[in-house]
Amino acid sequence: MSVMIAPSILSADFARLGDAVAAAERGGADFIHVDVMDGHFVPNITIGVPVVRSLKRIATVPLDVHLMIENADRYIDAFAEAGAGMISVHVEALTHVHRTVQAIKAHGVKAGVVINPGTPVVAISEIAGDVDFILVMSVNPGFGGQTFIPRSESKLREVRALLDAAGNAAPIEIDGGVDQHNIARVVAAGARIVVAGSAIYNTPDPERATRELKAAARGAAAVR
Ligand code: DX5
Ligand code: ZN
């Protein structure tokens with residue numbers, strides 16, 4: 001599988017989200033990553049269902065909705081109906097992760113499970129056979145622009161081994177602190193969907209930044 005880029009609009013200008021999405025798409029974005037935060041599971045509040053619904057009207061690529069919220073079960077239907085193409089939920093925030101994954105899939109939406117930097121890979125061992133993707137957090141969730149946690153690289157390899165052992169070819173997504181300097185390493189470690197927020201939107205030319213990150217990622221995948 002080739003590497004795909006998911007620009008995170010968390011670092012974009014929220015007054016011009018349509019422009020932010022269009023620029024990323026011109027640069028070759030494969031998904032638009034939407035960070036939903038509730039001020040409880042993480043110490044920040046961002047956007048919710050109405051914004052996803054509006055983004056769905058203008059985006060030409062699937063919306064990758066990353067739920068950093070408590071009681072995610074309560075909101076799966078709403079985010080699916082708003083137009084999410086992928087929904088990921090944190091294993092740390094769920095009591096019945098298997099049920100939640102099935103609920104996401106029942107909508108025909110790709111289901112992902114996320115693990116935080118402090119969560120061991122074993123936490124997802126029972127669900128590894130059921131997911132459409134795993135998201136490995138390489139920063140503590142809550143804010144864009146944080147520094148990549150180096151241990152995430154070996155964690156990617158551990159998650160790949162777990163998925164392979166479960167007979168699941170599902171891709172691994174990486175999220176947090178990825179930029180031009182480390183993208184080749186995360187791809188070499190097994191990431192196949194790469195989220196980037198500040199490395200795209202905190203630049204003068206998000207279209208170009210998307211294109212360059214994607215080229216670097218694909219170059220790294222090709223030499224493996
Ligand atoms: C962090 C979010 C990330 C964030 C990534 O909680 O889940 O998606 O936007 O931003 P960067 O790439 O700046 O770390
Ligand atoms: Zn995210």
Side-chain angles (χ1 to χ4, degrees), residues 3-14 17 20-21 23-24 27 29-48 51-52 55 59 61-70 72 75 79 84-93 104 110-119 131-153 155-156 171-187 191-204 206 209-210 212-214 216-217:
V3 186
M4 291 180 284
I5 297 287
S8 163
I9 54 169
L10 183 60
S11 292
D13 177 355
F14 276 21
L17 279 184
V21 168
D30 297 282
F31 307 105
I32 297 297
H33 185 84
V34 183
D35 288 304
V36 176
M37 306 187 188
D38 67 351
H40 292 274
F41 179 64
V42 291
N44 195 6
I45 301 175
T46 54
I47 62 187
V51 176
V52 171
L55 289 171
V61 298
L63 300 175
D64 168 27
V65 178
H66 176 190
L67 297 183
M68 287 159 276
I69 62 175
E70 290 179 358
Y75 302 98
F79 280 107
M86 303 155 68
I87 294 178
S88 57
V89 289
H90 275 258
V91 69
E92 302 87 2
I104 296 170
K110 301 281 185 213
V113 172
V114 194
I115 52 170
N116 276 333
T119 302
V131 294
D132 294 311
F133 63 104
I134 292 288
L135 198 175
V136 172
M137 286 307 301
S138 41
V139 299
N140 289 296
F143 302 94
Q146 301 183 79
T147 303
F148 181 86
I149 297 172
R151 154 83 177 119
S152 315
E153 229 177 289
K155 206 166 183 187
L156 285 167
I172 306 173
E173 181 171 23
I174 183 99
D175 185 6
V178 178
D179 59 20
Q180 274 290 353
H181 300 108
N182 56 23
I183 194 164
R185 288 209 307 276
V186 299
V187 170
R192 285 298 173 270
I193 304 173
V194 180
V195 177
S198 52
I200 288 175
Y201 290 108
N202 288 357
T203 73
T210 304
E212 289 179 353
L213 276 174
K214 188 163 173 173

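Start at 1 and go down the list; that is how both ligands and their atoms are numbered.
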Query raised in the report: Which of the atoms in ligand 1, numbered in the order shown and given with their element, are less than 4.0 Å from a heavy-atom of P141?
Result: 6 (O)
Query raised in the report: CD1 of I193 to CE of M86: how many Å apart, nearest 0.5 Å?
Result: 4.0 Å
Query raised in the report: In the protein, what heavy atom is nearest to atom 13 (O) of ligand 1, and what distance, to one decimal place, separates them?
Result: S198 OG, 2.6 Å
Query raised in the report: Would you say the side-chain atoms of S8 and D35 include a donor-acceptor pair closer than 3.5 Å?
Result: yes
Requested in this report: Report yes if Q146 has an N/O atom closer than 3.5 Å to an N/O atom of ligand 1; otherwise report no.
Outcome: no
Query raised in the report: Under 4.0 Å from any heavy atom of M68, which atoms of ligand 1 are there?
Result: 6 (O), 7 (O)
Query - Polar atom proximity, N140 to ligand 1 (N or O, under 3.5 Å) - result: no
Query raised in the report: At what distance, to the nearest 0.5 angstrom, does CD1 of I174 lie from CD1 of I134?
Result: 12.5 Å
Requested in this report: Report yes if some heavy atom in the side chain of V195 is under 4.5 Å from a heavy atom in the side chain of V178; otherwise report no.
Outcome: no
Query - Side-chain heavy-atom pair E173, H33 within 4.5 angstrom cut-off - result: yes
Query raised in the report: What is the name of the N/O/S atom in H66 that sits closest to the Zn ion (ligand 2)?
Result: ND1
Report summary line: Going by the 4.0 angstrom heavy-atom rule, the piece of A196 near ligand 1 is backbone
Query raised in the report: What protein heavy atom sits nearest atom 2 (C) of ligand 1, and how far off is it?
Result: D35 OD1, 3.4 Å
Query raised in the report: Heavy-atom contact under 4.0 Å between F148 and ligand 1?
Result: no
Report task. Would you mind finding which of G197, S138, S8 brings a heavy atom closest to atom 9 (O) of ligand 1? Result -> S8
Requested in this report: Could you tell me whether some N/O pair between S11 and ligand 1 is separated by less than 3.5 angstrom?
Outcome: no
Requested in this report: Pull out every atom of ligand 1 sitting under 4.0 Å from any heavy atom of G177, numbered as shown with elements.
Outcome: 11 (P), 12 (O), 14 (O)
Query raised in the report: Does at least one non-hydrogen atom of A199 fall below 4.0 angstrom from an atom of ligand 1?
Result: no
**Report entry** G145, any N or O under 3.5 Å of ligand 1 N or O
**Finding:** yes
Query - Heavy-atom nearest neighbour in the protein, as seen from atom 1 (C) of ligand 1, with distance rounded to 0.1 Å - result: F143 O, 3.6 Å
